[in-house]
A.B. asks: 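Can you keep this structure in mind? I'll have questions shortly.
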Number of protein chains: 2
Amino acid sequence: MGIDILDSLGIKVTKQRRAILNVILQAEVPLSADEIYARLAQDGTNFSTVYRTLATLAEKGALIKVGEAGAKTLFQLKDHTHKHHLICTECRKVLEIDECPIEALSHEIADSTGFKITGHCLELTGVCPSCARHLLKDVKPK
Amino acid sequence: MGIDILDSLGIKVTKQRRAILNVILQAEVPLSADEIYARLAQDGTNFSTVYRTLATLAEKGALIKVGEAGAKTLFQLKDHTHKHHLICTECRKVLEIDECPIEALSHEIADSTGFKITGHCLELTGVCPSCARHLLKDVKPK
DNA sequence: ATTGTTGCAAATAGTTTGCATTCTG
DNA sequence: CAGAATGCAAACTATTTGCAACAAT
C-alpha cells in the first residue's frame with residue numbers, strides 16, 4: 001500500500017517511506033511531523049527521515065502543507081477531492097470543510113496578476129462547541 | 001500616530017510600541033518579526049519586545065498573522081478592508097488580493113459545525129512573472 | 001556498482017521566558 | 001507608587017544539515 005504512489009513519484013521505495021506514507025494514508029486528519037514520528041515509534045524510523053520524507057513528498061506534489069501561520073506544519077495527502085480545514089484554537093481539533101470557493105477565483109487572479117497560481121490554502125479558525133462550553137465555566141487556562 | 005490605536009486597546013503607550021506600530025502602519029505588505037526589528041534598528045528596540053508587542057497586538061485584535069504553514073509568521077494590521085495574499089514561492093514577494101469569498105461561507109459553516117468562527121486565512125501561492133522568467137533560463141538553484 | 005537514503009548528532013531559525021530594571025498611568 | 005513593559009541572556013521548539021554507513025535499482 002502506498003508503494004505505487006512512491007514508485008510513481010520516481011523516488012526509491014524504502015521501508016521508512018512506506019511506513020510514513022501508510023501513517024498518512026490511515027490518518028483522517030492532517031498530521032504534524034512529530035505526530036507522524038510518534039505513530040512510527042515501533043518501526044524505528046528516524047526523526048530526520050520523517051522530515052526529509054515529508055519534504056520530498058511535498059516537493060513531488062504528493063502531500064500538501066497546511067496549518068496556521070506560526071504553528072507546527074501539518075501534512076496531508078494532496079487529495080483529488082480538495083478539502084479545507086476548520087481548526088479549533090483551543091484544542092486544535094481539525095474538521096474538514098467540503099466547499100472550495102477558490103478555484104473560480106484563482107483563474108481570475110492569475111489573469112490580473114500574471115502569477116502562475118500553484119496552490120492555495122484556506123483555513124478557518126474558531127472555537128468548537130465543546131471548548132466553547134468549557135470556556136464558559138472555567139477561567140481560560142494559560 | 002498609532003497612539004490612538006494603542007490607547008484604544010487599553011495597553012500602555014510606550015516608545016517601543018509606538019515605533020513598532022509605525023513600522024507596520026507604514027508597510028504596504030505584511031512583515032515578519034525580524035523585518036520589523038530591522039526597520040527599528042536605530043530605535044534600539046529589543047527583539048523580545050518586538051515579539052511581545054506583536055503578540056499583544058494580535059491578541060487584542062489589532063494585528064493578524066498571515067503566512068504559509070511552516071514559514072515565518074507575517075503580521076499586518078487587521079484591516080477593516082479585509083485582504084488576502086498571493087505569495088511567490090520563489091522570491092516570497094507578497095501581493096494583496098481584494099476579493100474575499102469567505103464571509104458568506106463562514107455563516108454556513110458555523111451553522112453546520114456548531115463552531116464559533118473567529119477567523120480565517122486564505123492564501124494563494126504561485127510563481128510571479130519575474131521569477132517565472134528566471135526559471136526558464138537558469139536551472140533552478142538549490 | 002552507483003547513487004539515493006538513512007541515522008546520528010550537531011547546528012539553525014524562529015520564538016518564548018525568567019528576572020532584574022525602568023517606565024507609564 | 002503599583003503594575004506593566006523592557007532588555008538581556010538563556011531556554012525552547014520546530015526543522016535542517018554534514019557525514020559516514022547502508023540499501024535500492
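Numbers restart at 1 for each chain; the letters A, B, ... are given by sequence-line order, proteins then strands. Note: hydrogens, waters and symmetry copies are ignored here, and every other heavy atom, side chains too, is used.
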A.B. asks: Considering heavy-atom distances to DNA chain C, does B/A33 or A/I11 have its closest nucleotide positioned more toward the 5' end?
C.D. replies: A/I11
A.B. asks: Just the rounded figure in Å: distance from P of C/dC8 to CD of A/Q16.
C.D. replies: 11 Å
A.B. asks: Let me confirm one number: the CD-CD1 distance from A/E108 to B/I97, rounded to the nearest 0.5 Å.
C.D. replies: 10.5 Å
A.B. asks: Once you round to the nearest 0.5 Å, how far does CG of B/L25 lie from CZ of B/R18?
C.D. replies: 13.0 Å
A.B. asks: Is there a donor N/O on one and an acceptor N/O on the other, under 3.5 Å, for the side chain of B/S48 and the base of D/dA9?
C.D. replies: yes
A.B. asks: State the CG-CD1 distance between B/L57 and B/I64, to the nearest 0.5 angstrom.
C.D. replies: 13.0 Å
A.B. asks: Tell me which residues in residues 55-64 of chain A put a heavy atom below 4.0 Å from DNA chain C, sorted by number, or none.
C.D. replies: none
A.B. asks: With nearest nucleotides of DNA chain C determined for A/G44 and B/K72 from heavy-atom distances, which residue corresponds to the more 5′ nucleotide?
C.D. replies: A/G44
A.B. asks: Please round to the nearest 0.5 Å and tell me the distance separating atom CD1 of B/I20 and atom CD1 of B/I36.
C.D. replies: 7.5 Å
A.B. asks: Could you tell me the separation between the CG atom of B/L9 and the P atom of C/dG25, rounded to a whole number of Å?
C.D. replies: 13 Å
A.B. asks: Check the distance between C/dT17's P and B/L54's CG and give it to me in whole angstrom.
C.D. replies: 15 Å
A.B. asks: Please report, rounded to the nearest Å, how far the P atom of C/dT17 is from the OH atom of B/Y51.
C.D. replies: 13 Å
A.B. asks: When you get a sec, tell me which of D/dT6, C/dT15, C/dG7 is the closest nucleotide to the side chain of A/T49?
C.D. replies: C/dG7
A.B. asks: Given atom OH of A/Y37 and atom P of D/dT13, what is their separation to the nearest angstrom?
C.D. replies: 16 Å
A.B. asks: With rounding to the nearest 0.5 angstrom, report the CG to CD1 distance, A/L124 to B/I109.
C.D. replies: 5.0 Å
A.B. asks: Tell me whether the side-chain N or O atoms of A/R52 pair up with the base of C/dG7 as donor and acceptor below 3.5 Å, since no angle test is needed here.
C.D. replies: yes
A.B. asks: Rounded to the nearest Å, what distance is computed from the CZ atom of residue A/F47 to the C1' atom of nucleotide C/dA10?
C.D. replies: 16 Å
A.B. asks: Tell me which nucleotide among C/dT5, D/dT15, C/dT24 gets nearest to the side chain of A/T73.
C.D. replies: D/dT15
A.B. asks: Nearest whole Å is fine: how far is C/dG7 C1' from A/K15 NZ?
C.D. replies: 12 Å
A.B. asks: Of the candidate nucleotides C/dG25, C/dT6, C/dT16, which contains the atom at the shortest distance from the side chain of B/K12?
C.D. replies: C/dG25
A.B. asks: Given atom CG of A/N46 and atom C1' of C/dA10, what is their separation to the nearest angstrom?
C.D. replies: 13 Å
A.B. asks: Shortest non-hydrogen contact from A/A33 to A/V50?
C.D. replies: O-CG1, 3.8 Å
A.B. asks: Will you find, in the side chains of B/E35 and B/S32, an N or O donor that is under 3.5 Å from an N or O acceptor?
C.D. replies: yes
